[in-house]
Amino acid sequence: MGSCQTRRSFLVSAAAAGLVASQKLSALPAPSGSAQGDAWRDQGVLNLDASPYAKLRSVPVRAVTLHPGFWSRRRATNVGSSIPSMRQELLDHGRMDNFLRLEAKSSAPQRGPVYSDSDVYKWMEAAAWALESDDSPELQAQLKQWTRAIADAQEPGGYLNTYYVGNRRAERMLPDTQRTGHELYCIGHLLQAGIAYYRATGDPALLEIGARFVDGYLLPGFGPEKRAIVAGHPEIEMALVELYRTTGKRQYLDLARYILAGDPRIPLTPPQIVYMFCGVPLTSRTKLEGHAVRAMYACCGATDYYLESGDATYWKTLNTLWTDLAEHQLYVTGGVGARREGEAFGNAYELPNATAYGESCAAIGNMMWNWRMLAASGEGRFADVMERALYNGINSGMSLNGREYCYRNPLAFDPATGDVIRNPWYDTDCCPPNLERTLASLPGYFYSTSKDGVYVHLYDNADLDWKLASGNGIRLAQRTNYPWDGNVSLEIAPARAEEFSVFVRIPAWSRNTVVRVDGQAWGNTVAGEYLAIRRRWSGKTSVEIEFDMRTQPVRANAAVAEDVNRVAFQRGPLVYCMEELDQAAGEHGAVPDLPRYAADLRGEAEAQFHPELLDGVTVLTHPCVVSRSPGKEALYRTGAEESSPASLRLIPYYAWANREPASMQVWIPVAQNPAGSVV
Ligand code: FUB
Ligand code: ZN
């Protein structure tokens, strides 16, 4: 990226903006030109370089270049369409006026729910990560402008929240406000945005605003011997740990630990303990429950704390919760949170389809949590969940044109319900900028390093230009047509010859994978694990991977009531769905009625790429039977079922709801013969 502001030039501009020198972060890396001057450049989405219990280290977003392919297209849409249009939506809905009003620069009344500041911060985080990949003077200027407005709205003591002002001032950080008021949730997002902006540009201005809240307001007044804290909506925990990683100041980590432990001085009722996923020791949790985003963010914070502390009780709890996720709570799309009521996890195996909540933020929280578990362990099972969420339940959240978003991501849909699934704006606008920050930071998720070598987590045309633990430079070029095709070529080129491992992820769905190093078959691949290719690498070496892209019908556990006698289709990392629009018209040209289609599993799916459809997707065609409608159908009937053979056409789930409203379903009934057995 091009113009990055040095800390020295920032200090000049900050002084001009009237920031008080004594309130600056004391422990940020030294100015440019000194030994560690550009440390911010080397920090990834998480800065795990000094995390004692991280097996993997993140690579900076800027170290990975996406070339034309699946994610570069989505990323370009994000930068070119989503981020600018969301900025306008935030302005149009008064979210910046909320800040300007406090400085008498706007006369508009406060607008939006208590957590509205966080949507501005999430947008800023998205814009900041985007700057790591493309220099955009316009985006830089916009970020600077909003940073100044936010700085101006901050009170001298550090407090900042545009909702708890005026008549609501007296409510600040009262126990009840902490339970529901989202003050620390907003500050968590401010800190994350500030860290992203700092890592992208070297400019700590936004980060200093967040740190000033923590240093000037939170730490002096709140904590074990002071006024109690309850998170209310977890988020601050992971932000505090990242602030610790960025500044080295231990108080931030200690504060995160204190919040994760829960303070009984702010009691929560049993339903609040479930819903808020905080307020009692995180380590006392035995299952995922309550508000899904809260639970996922709490797990992120707890894993971050584990990565720094190595506290075995945390690791045990996190693994218990992860097992609950993987065995009972995870949609096949990687979404989580079954219930609309309370935006919550359901009971084990409660995974309805049409009423699935599957909030985009919850799927993002799921990916963020698994990214942290992966960093702690290097285990493929976490990367599998990440990939499932990313390609499906997260990717579905943003329309192909980048201007409309899903809040819910159901697995079946009927437009007759009146539900409009994609919208450019929500009054609770948490999901859109969350999707934007995820896509903008995505290059940072492709690779990691460890003391043993380099890890390849995701597949696309993504080049890494970074360094090994030894400091030796490494270039890794990746070429593929993934996820449409399972062939991947890697070219590994260390600056100097060195022995290390390239850890190639073999996804759990790839039942037979072939890996060749310079044309020679290498080792036994195990689905769901990383294959360690350990050797002395010198010059340029090619690694060719062939994943098993056969379409697989997936069955759910028999306890998932809505999926009994149904299958979902998965090809590579993509889960498929049928949209009414793609099915052949029914009898007499009638609109295809999705519930009448049943997959005939004696046949196999054919896969064909359609460049003109939905920005280019591989469509699956699968034999099926369609039950005939005997005119107006009675509610109940007896006698044999009549059906005729046909074909299902399936599109990737992420691409649904990008044409006119149509019914959709992921789980498709399996055709039965008259005796009831599967045909
Ligand atoms: O409460 C803030 C955000 O709004 C949550 O994370 C979302 O689930 C939505 O309720
Ligand atoms: Zn959301």
Side-chain angles (χ1 to χ4, degrees), residues 61 71 73-100 106 108 111-134 136-150 162 182 185-186 188-190 192-194 196-197 200 206 235 293 359-365 367-368 390 394-409 420-442 615 654 657-658:
V61 171
W71 287 115
R73 183 168 193 148
R74 294 294 275 157
R75 201 189 161 282
T77 303
N78 188 35
V79 175
S81 175
S82 312
I83 290 177
S85 60
M86 184 47 54
R87 177 175 176 276
Q88 196 55 51
E89 294 282 355
L90 289 163
L91 289 169
D92 292 348
H93 291 87
R95 297 320 192 240
M96 278 316 291
D97 281 337
N98 287 344
F99 289 92
L100 298 174
S106 163
R111 282 174 76 185
V114 280
Y115 33 77
S116 295
D117 292 356
S118 69
D119 302 331
V120 169
Y121 301 146
K122 267 190 264 186
W123 180 89
M124 293 180 85
E125 185 185 342
W129 290 129
L131 285 178
E132 283 218 29
S133 304
D134 310 293
S136 160
E138 192 186 357
L139 217 45
Q140 291 250 21
Q142 290 170 349
L143 279 167
K144 271 194 205 315
Q145 189 194 15
W146 283 19
T147 299
R148 271 196 298 272
I150 294 165
T162 68
H182 290 70
Y185 168 87
C186 289
H189 280 299
L190 170 61
Q192 288 179 324
Y197 186 47
L206 187 62
E235 157 66 24
V293 183
E359 183 181 339
S360 296
C361 287
I364 291 168
M367 173 170 156
M368 288 164 48
L390 174 64
I394 294 174
N395 201 17
S396 57
M398 186 186 281
S399 64
L400 295 177
N401 67 19
R403 288 190 299 277
E404 281 128 30
Y405 306 85
C406 296
Y407 191 111
R408 287 175 62 222
N409 293 272
V420 179
I421 205 71
R422 292 191 188 276
N423 295 282
W425 173 260
Y426 295 86
D427 201 43
T428 290
D429 202 48
C430 50
C431 299
N434 214 355
L435 290 156
E436 290 165 13
R437 71 176 179 151
T438 305
L439 284 187
S441 59
L442 191 60
D615 284 354
Y654 76 81
N658 275 285

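Hydrogens, waters and symmetry mates are skipped; everything else that's a heavy atom, side chains included, is used.
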Note to self: Using side-chain heavy atoms (C-beta onward) and a distance below 4.5 Å, is Trp425 in contact with Met86?
What the structure shows: yes
Item checked: Point-to-point distance, once rounded to the nearest 0.5 Å, from NZ of Lys144 to OH of Tyr197 -> 4.0 Å
Checklist line | Worked check of side chain to side chain contact (heavy atoms under 4.5 Å, CB included) between Glu235 and Gln192 | finding: CA-CA 10 Å; Glu235 157 66 24; Gln192 288 179 324; 2.7 Å; yes
Check: Under 30°, 30 to 60°, or over 60°: which ring-plane class applies to Tyr115 and Tyr185, parallel, tilted or perpendicular?
Finding: perpendicular
Next item on the list: Return the minimal non-hydrogen interatomic distance between Ser396 and Cys406, and the atom names on each side.
Entry: O-SG, 3.5 Å
Next item on the list: Could you tell me whether the side chain of Gln140 reaches within less than 4.5 Å of the side chain of Leu131, counting heavy atoms only?
Entry: yes
Notebook entry, point to check: Are Cys430 and Glu359 close enough that some pair of their side-chain heavy atoms sits under 4.5 Å apart?
Noted result: yes
Check: Do Phe99 and Arg148 come within less than 4.5 Å of each other through their side chains, counting heavy atoms only?
Finding: no
Next item on the list: To the nearest 0.5 angstrom, please state how far the CZ atom of Arg408 sits from the CD1 atom of Ile421.
Entry: 5.0 Å
Check: So Glu436 and Lys122, side chain to side chain contact (heavy atoms under 4.5 Å, CB included) or not? Walk me through it.
Finding: CA-CA 8 Å; Glu436 290 165 13; Lys122 267 190 264 186; over 6 Å; no
Item checked: Taking every non-hydrogen atom, the tightest pair across Cys361 and Val293 -> CB-CG2, 3.7 Å
Next item on the list: Go through the steps to decide whether Asp615 and Thr77 satisfy the test side chain to side chain contact (heavy atoms under 4.5 Å, CB included), and finish with yes or no.
Entry: CA-CA 11 Å; Asp615 284 354; Thr77 303; 5.7 Å; no
Check: Between the side chain of Thr147 and the main-chain N/O of Leu206, is any donor-acceptor distance below 3.5 Å?
Finding: no
Next item on the list: Over all heavy atoms of both residues, which pair between Gly402 and Ser82 is shortest? Give the atoms and the distance, please.
Entry: O-OG, 2.7 Å
Next item on the list: Please examine the side chains of Arg74 and Leu400, heavy atoms only from C-beta on, and report whether any two atoms are closer than 4.5 Å.
Entry: yes
Next item on the list: Could you tell me whether the side chain of Asp97 reaches within less than 4.5 Å of the side chain of Leu100, counting heavy atoms only?
Entry: yes
Checklist line | Side-chain (Ser81) to main-chain (Asn78) donor-acceptor, under 3.5 angstrom | finding: no
Margin query: Looking at Asp119 and Arg437, is there a salt bridge between them, counting it only when a charged N and a carboxylate O are closer than 4.0 Å?
Written below: no
Note to self: Return the CD to OG distance between Gln142 and Ser136, rounded to the nearest 0.5 Å.
What the structure shows: 7.0 Å
Checklist line | Short N-O contact, Arg75 and Asp134, less than 4.0 angstrom | finding: yes
Item checked: Spacing of Met368 atom CE and Thr438 atom OG1 [to the nearest 0.5 Å] -> 7.5 Å
Item checked: Ala196 to Glu125 - nearest heavy-atom pair and separation -> CB-CG, 3.8 Å
Note to self: Please give me the minimum heavy-atom distance between Ala126 and Pro433, naming the atom from each residue.
What the structure shows: CB-O, 4.4 Å
Notebook entry, point to check: Just by distance, do the side chain of Asp117 and the backbone of Thr162 share a donor-acceptor pair under 3.5 Å?
Noted result: yes
Next item on the list: Could you tell me whether the side chain of Arg87 reaches within less than 4.5 Å of the side chain of Trp146, counting heavy atoms only?
Entry: yes
Notebook entry, point to check: Roughly how far, to the nearest 0.5 Å, is CZ of Arg422 from CZ of Arg403?
Noted result: 13.0 Å
Note to self: If I take atom NE2 from residue His189 and atom OG from residue Ser118, how far apart are they, to the nearest 0.5 angstrom?
What the structure shows: 5.0 Å
Check: Are Asp429 and Tyr407 side-chain neighbours, meaning at least one heavy-atom pair lies under 4.5 Å?
Finding: no
Item checked: Exercise: identify the closest heavy-atom pair between Ile83 and Trp123 -> O-NE1, 2.8 Å
Margin query: side chain to side chain contact (heavy atoms under 4.5 Å, CB included), that's the test. Do Leu439 and Trp129 meet it? Break it down for me.
Written below: CA-CA 9 Å; Leu439 284 187; Trp129 290 129; over 6 Å; no
